[in-house]
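Reviewing the structure listed below.
The figures here come from the full heavy-atom set of this structure, side chains too, leaving out hydrogens, waters and symmetry mates.
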Amino acid sequence: MFYRLLSVVQRQRTSRGWQNWSSARSGASAAEAHSVTLPAQAQVVICGGGIMGTSVAYHLSKMGWKDIVLLEQGRLAAGSTRFCAGIISTARHLSIEQKMADYSNKLYHQLEQETGIQTGYIRTGSIFLAQTQDRLISLKRINSRLNIMGIPSEIISLKKVAELHPLLNVHDLVGAMHVPEDAVVSSADVALALASAASQNGVQIYDRTSVVHVMVKKGQVTGVETDKGQIECQYFVNCAGQWAYELGLSNEEPISIPLHACEHFYLLTRPLETPLPSNTPTVVDADGRIYIRNWQGGILSGGFEKTPKPIFTEGKNQLEIQNLQEDWDHFEPLLSSLLRRMPELEMLEIVKLVNCPETFTPDMRCIMGESPLVQGYFVLAGMNSAGLSFGGGAGRYLAEWMVHGYPSENVWELDLKRFGALQSSRTFLRHRVMEVMPLLYDLKVPRWDFQTGRQLRTSPLYDRLDAQGARWMEKHGFERPKYFVPPDKDLLALEQSKTFYKPDWFDIVESEVKCCKEAVCVIDMSSFTKFEITSTGDQALEILQYLFSNDLDVPVGHIVHTGMLNESGGYENDCSIARLNKRSFFMISPTDQQVHCWAWLKKHMPRDSNLVLEDVTWKYTALNLIGPRAVDVLSELSYAPITPEHFPSLFCKVGANEVLVFNGREVSFTEMAITCSYDIYIHKVC
């Protein structure tokens, strides 16, 4: 009974092309499996036969790439895809996630007709419940974004909730949202259908074949070493799910893919006395931390508890995912929440408590894109328990990225390059995912911050600013002050202020802004990315002129605010560049662009040249003096005149002790990049 949920494809409904390899793979003995000869070369090798790997293969083949090999270490769809609850939900907090889920929903809807494989697709709709006014506001915000995208949804009354799902207890609710085009599907069948379509388009699929490592030469993918031989290739796609982390580190040039697995629980029941109709809406009760869907006339219900259990913390896990050990004590809070929401289930017999691993990332967003270290190495993993909803859209965007050089949508929020090395340690990930998993159902109020994995990177002024009442936020692993708490304010109340309305700290920030406008403030901007680009000849100027939009052939000491562009003229990064001498430039970029900027510059720099790119973010503290009296303060620190005649806007000076002083434009601000040994003295004087 249980394995009907996991779904084995009915072979009599499959296509001839699918049977040629699928039946051979599934019917082969172990000896036969090891005798399979892999192709000597391919354009693309994809590792992972779940929903992500098959989606990438499907979309690449649709876009005209045919020389593709997909490798799966076990059986197709036998990883997290096999245990997926099968819910397709378009209600997401990020617009790019909504677009991916909407595309996936439409793709899965037509997949059975395209391939002839039954996927179990049923349009049930979803009901999202609100127990509090803040939750209702959150649903209204999501509802407005869905409507803008053309996805039908509406805020509904409790009477309407009871009509759509009569078994729900609605007495403690204040409202709900209905998304009528959400659906349920058999995730394993979807993966197999995608694989079938890809196979018909020329993709070669081999199961029971493990990738040992990826071969790299001069920063470029050259091939893949498997347990059955080597395959030369130009592109490699890591869709290995919970194995993606270990696979990335096993390469000749290790690649950090920050994700970690946690145990995820859901239960299955026998059918109700009057079985639930197949189109019964899926229910999400985020305040109760549970989701509920119909399963063969009964219930499938799971959730995201407050105290998750990380697993596989010490390295590689099993070849294929099996049902992990039941833990009813751990599941009890979710079960209690389910019975409060659906009291009539109390006497219903439970078939099984499923415990399966799900992978989570440090910021609750999936990971896609090309590695910053190895060209041709792409990643699609870390779905935060939304792999089915994102699979179709994510596979499409990654395929576009590979074929065209960039996806059709802005996916920066999902780009692998948003992470640095410090966010990839096992210790950091183990603690962070324990916070991330509960946050999936927590309220997403503006300006909240993660509490785990903090103080990874701090400026030398951290202790001094903290003693003066600084409250901190984290950006790219770097601690940055948000505001300073006056001595007469209740610190605890400010820390716990989570609301969609005017926050308790609003007046504090208002006074700080007023000070910046009317007097002078000093801001620690040490987290900003800082690069030095130097050369023995004109190479530095030539490459910067090619990559950036504004003219950088300016006199020494001048500053240019410019954009780093791609081949289509789109922005890759926003930055300021100062010319320190004829062959040396100093670049300042946003904090979270550190890895992306470095990778983009390195990708386009000529190899074996006399061009040197150095990341000096760690070397300099950056203090920003802002306000109409900024020049007065700086004059007290300098023997040289700071008047507009002697120090015009968009100009920089290099002083003693390697102090770089940058003068801004129009508004009165001056930024100083100071060697870390000298910054505390400067701040004290300021």
Side-chain angles (χ1 to χ4, degrees), residues 3-23 25-26 49-63 70 72 75-90 99-126 151-152 179-203 205 207 239 276-282 293-297 300 383 386-396 399:
Y3 287 98
R4 289 182 62 188
L5 174 69
L6 309 182
S7 139
V8 177
V9 172
Q10 299 297 319
R11 284 192 171 82
Q12 64 268 26
R13 295 185 179 272
T14 61
S15 65
R16 182 179 302 275
W18 167 265
Q19 289 175 337
N20 285 342
W21 65 267
S22 178
S23 57
R25 295 273 71 78
S26 60
I51 194 79
M52 293 302 150
T54 55
S55 178
V56 173
Y58 171 87
H59 286 94
L60 283 174
S61 66
K62 287 283 186 179
M63 293 177 192
L70 187 150
E72 164 57 45
R75 297 167 295 163
L76 285 180
S80 297
T81 300
R82 176 189 175 200
F83 284 91
C84 176
I87 299 170
I88 307 168
S89 173
T90 54
K99 291 175 182 178
M100 289 194 302
D102 183 47
Y103 175 83
S104 298
N105 195 5
K106 293 172 180 175
L107 173 65
Y108 304 159
H109 182 57
Q110 58 86 33
L111 202 55
E112 183 173 330
Q113 181 179 359
E114 178 183 348
T115 64
I117 297 175
Q118 291 185 348
T119 60
Y121 183 97
I122 302 173
R123 182 158 286 170
T124 61
S126 297
I151 301 173
V179 186
E181 293 189 358
D182 281 355
V184 296
V185 72
S186 167
S187 54
D189 286 346
V190 168
L192 295 173
L194 290 169
S196 173
S199 178
Q200 291 177 355
N201 285 329
V203 176
I205 301 177
D207 60 5
C239 296
L276 290 175
S278 60
N279 63 347
T280 300
T282 295
R293 60 155 287 193
N294 168 66
W295 182 70
Q296 299 184 3
L300 182 156
M383 293 296 129
L388 181 62
S389 293
F390 296 159
R396 171 194 171 190

* For the pair V185 and I122, evaluate side chain to side chain contact (heavy atoms under 4.5 Å, CB included) and give the outcome as yes or no after the intermediate values. => CA-CA 6 Å; V185 72; I122 302 173; over 6 Å; no

* To do: Show your reasoning for whether salt bridge (Lys or Arg N to Asp or Glu O under 4.0 Å) applies to K62 and E114.
  => CA-CA 13 Å; K62 287 283 186 179; E114 178 183 348; 2.8 Å; yes

* Any chance you could measure T124, atom OG1, to L276, atom CG, to the nearest 0.5 Å? => 11.5 Å

* Is the closest side-chain donor-acceptor distance between N294 and S278 under 3.5 Å? -> no

* OG1-CG distance between T81 and D189, expressed to the nearest 0.5 angstrom -> 11.5 Å

* Can you tell me if E72 uses its side chain to pair, donor with acceptor, with the backbone of D207 under 3.5 Å? -> no

* Structure fact -> Hits for side chain to side chain donor-acceptor pair (under 3.5 Å) against T119, two or more places apart or cross-chain, chain-then-number order -> none

* Asked: Where is the tightest heavy-atom contact between E112 and G120, given as atom of each residue plus distance?
  -> OE1-N, 4.4 Å

* The single option from V56, L76, T115, L107 passing side chain to side chain contact (heavy atoms under 4.5 Å, CB included) against L194 -> L107

* Which atom names give the shortest non-hydrogen contact between I205 and A195, and what distance separates them? -> CD1-O, 3.6 Å

* Structure fact -> All heavy atoms of S55 vs all of G391, minimum pair found to be OG-O, 2.8 Å

* To do: Taking all heavy atoms of H59 and all of A399, pick out the closest pair and write down the distance.
  => CB-CB, 3.7 Å

* To do: Check whether any side-chain heavy atom of R82 lies under 4.5 Å from a side-chain heavy atom of R75, and answer yes or no.
  => yes

* Asked: Atom CG of N105 and atom CD1 of I88: how far apart are they, to the nearest 0.5 Å?
  -> 5.0 Å

* To do: To the nearest 0.5 angstrom, please state how far the OH atom of Y121 sits from the CD atom of Q110.
  => 10.5 Å

* To do: Have a look at S89 and tell me which of D182, V184, L388 forms a side chain to side chain contact (heavy atoms under 4.5 Å, CB included) with it.
  => D182

* To do: Can you measure from OG (S389) to OH (Y108) and round to the nearest 0.5 angstrom?
  => 7.5 Å

* To do: Measure from the side-chain N and O atoms of R293 to the backbone N and O of P281, and report whether any donor-acceptor pair falls under 3.5 Å.
  => no

* Asked: So which heavy atom on S61 is nearest to which on A198, and how close?
  -> OG-CA, 3.9 Å

* Taking all non-hydrogen atoms of both residues into account, name the closest pair between M63 and R396 and its distance. => CE-O, 3.8 Å

* To do: Measure the spacing between OG of S104 and NZ of K99 and express it to the nearest 0.5 Å.
  => 14.0 Å

